[in-house]
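The structure displayed is predicted, hence computed values, not measured ones.
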Amino acid sequence: MPELPEVETMRRGLAPVVGLRIAAVRFPRGLVRPLSVRPRPHVVAARLVGHAIATVGRRGKRVVLGIAAPPAEPHAWLVIEPRMTGLMLLADPPTAEHVRLVVDLESSAAGPSRPSLRMLFWDRRGLGTIRLFDARSLESVCGAARLGPDGLLVTGEELAARLGSSRRAIKVALLDQRAVAGVGNIYAAEILHRVGIDPRMACRSIPLAGWQAIANATRLVLAEAVRFAGSSIGDRTYRAVDGRPGRFQHRHRVYGREGLACATCGGSVTRIVQAQRSTFFCPGCQPRGRRGAGGRRPDRSGRTRTAGIR
DNA sequence: CGTTCAACCTGGGCGC
DNA sequence: TGCGCCCAGGTTGAAC
């Protein structure tokens, strides 16, 4: 479930935990797959308790909490990867039985007291992971070798350098976190629709102007989705840390809209399967092998659109 | 190099 | 109502 906009919304929502001391850590018994927590839960707990959460960050689709003994810099990193159904919560969980991690936080010893907080990781399917790293080993998992440039910042040159010679279909390639970090199945579809490119188009046939347009659309769509607090499709899906759903699903142009009219051209949104995953696109706006013709709204950023894609 | 498949899990929705 | 099947926002590793 969570892609970059949802994880970024979690990150922002977790701001209140910064500076708080970890008073207790629990992994409710029997609810965690053996490999989903590393090192072993009791080791993670022992290393966390008594330290403070110094930073809350994000790497691609992962929440990264910096653990420190103030005033020192973080010496450890708690990396939470929500995968399909994971949620970071500062509110009551949707169900009690899928709570995977409980972190009790309290204000640091000195200074005016702050309210204590309980931070939860809730994950219905249990595919998410919780891992603790030291400063050095964080790079092996969240470093440049594993994650490409962040989707909010990626440039056309970076995409072209990483994917320009690939034979893969562009939509499949956009899901590769080494190419660009944070794009998932929803936003890959939305990005390609905005830029008018057929999701089946081979990367190697996309010229530089096309990569620039894709990068522009990637930043634009992801930033807009962040502004709308991500996408929540259905009752039991993504929620922000306060339990409120996102609102970007109302602005989806193709994802989940099979058979419905494309708001841009009136054509019928189509669903295909690529790499075992659904791809939604509009054949009218995203004609095979070429860029979309006119008729779409101008890019508000004012940047050049896809001129030059043959 | 790229694709396909299975696996990790739970649960909602649908057809019968 | 119940059963079986397909679907789901992610990632990984094996097989071809």
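- Note on Thr85(A): nothing from the nucleic acid sits closer than 4.0 angstrom, heavy atoms only.
- Judged by distance alone, the side chain of Arg33(A) and the main-chain N or O of Gly126(A) form a donor-acceptor pair under 3.5 Å.
- A distance of about 16 Å separates the P atoms of dT4(B) and dC7(C), rounded to the whole Å.
- Between Asp176(A) and Arg178(A), at least one side-chain N (NZ, or NE/NH1/NH2) sits under 4.0 Å from a carboxylate O, which counts as a salt bridge.
- Rounded to whole Å, the P atom of dA6(B) lies 15 Å from the corresponding atom of dC5(C).
- No donor-acceptor pair closer than 3.5 Å links the side chain of Lys171(A) to the backbone N or O of Phe280(A).
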Got a list of side-chain donor-acceptor pairs under 3.5 Å for residues 38-52 of chain A, not counting sequence neighbours?
none

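- Here Ser232(A) lies in heavy-atom contact (under 4.0 Å) with a base.
- Note on Glu158(A) versus Arg162(A): no salt bridge recorded, every NZ/NE/NH1/NH2 to OD/OE distance being 4.0 Å or above.
- As judged by a 4.0 angstrom heavy-atom cut-off over every strand, Arg167(A) is placed among residues touching the sugar-phosphate backbone only.
- In terms of the ring-ring contact (aromatic ring centres under 6.0 Å, His included) criterion, Phe281(A) has no residue partners (sequence neighbours excluded).
- Contact annotation for Tyr255(A): backbone-only contact, meaning every heavy-atom pair under 4.0 Å involves sugar-phosphate atoms and none involves a base.
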Intra- and interstrand pairs of DNA chain C - dot-bracket, Watson-Crick/G-U under 3.5 Å, | marks other strand: .|||||||.|||||||
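- Arg271(A) comes within contact range of the sugar-phosphate backbone alone, with a heavy-atom separation under 4.0 Å but no base atom that close.
- Chain A approaches DNA chain B within less than 4.0 angstrom (heavy atoms of the protein), and the contacting nucleotides run 5' to 3' from dG2(B) to dG12(B).
- DNA chain B is contacted by both Arg168(A) and Arg236(A); Arg168(A) maps to the nucleotide lying nearer its 5′ end (nearest heavy atom per residue).
- Within 4.0 Å of Ser278(A), counting heavy atoms only, lie sugar-phosphate atoms of the nucleic acid but no base atom.
- Residues Gln177(A) and Arg146(A) form no side-chain contact, since every pair of their non-hydrogen atoms from C-beta on lies 4.5 Å or further apart.
- A donor and an acceptor atom, one from each side chain of Ser278(A) and Arg271(A), are located under 3.5 Å apart.
- Among pairs with a residue in residues 164-187 of chain A, those fulfilling ring pair (Phe, Tyr, Trp, His ring centres under 6.0 Å) read Tyr187(A)-Phe248(A), at least two apart in sequence or across chains.
- The main-chain N or O of Ile186(A) is found under 3.5 Å from a side-chain atom of Glu3(A) such that the two form a donor-acceptor pair.
- Counted within 6.0 Å of CG on Asp242(A), heavy atoms from surrounding residues, nucleotides or ligands total more than 12; the atom is thus considered enclosed.
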Name the pairs: protein N/O against N/O of nucleotides 10-16 of chain C, kept only if under 3.5 Å.
unit_1	atom_1	unit_2	atom_2	d
dG10(C)	OP1	Lys61(A)	NZ	2.9
dG10(C)	OP2	Asn185(A)	N	3.3
dG10(C)	OP2	Arg277(A)	NH1	2.7
dG10(C)	OP2	Arg277(A)	NH2	2.2
dG10(C)	N2	Arg83(A)	NH1	3.3
dT11(C)	OP2	Lys61(A)	NZ	3.0
dT12(C)	OP1	Arg146(A)	NH2	3.0

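- dT10(B) and dT1(C) are spaced 25 Å apart, taking the P atom of each and rounding to whole Å.
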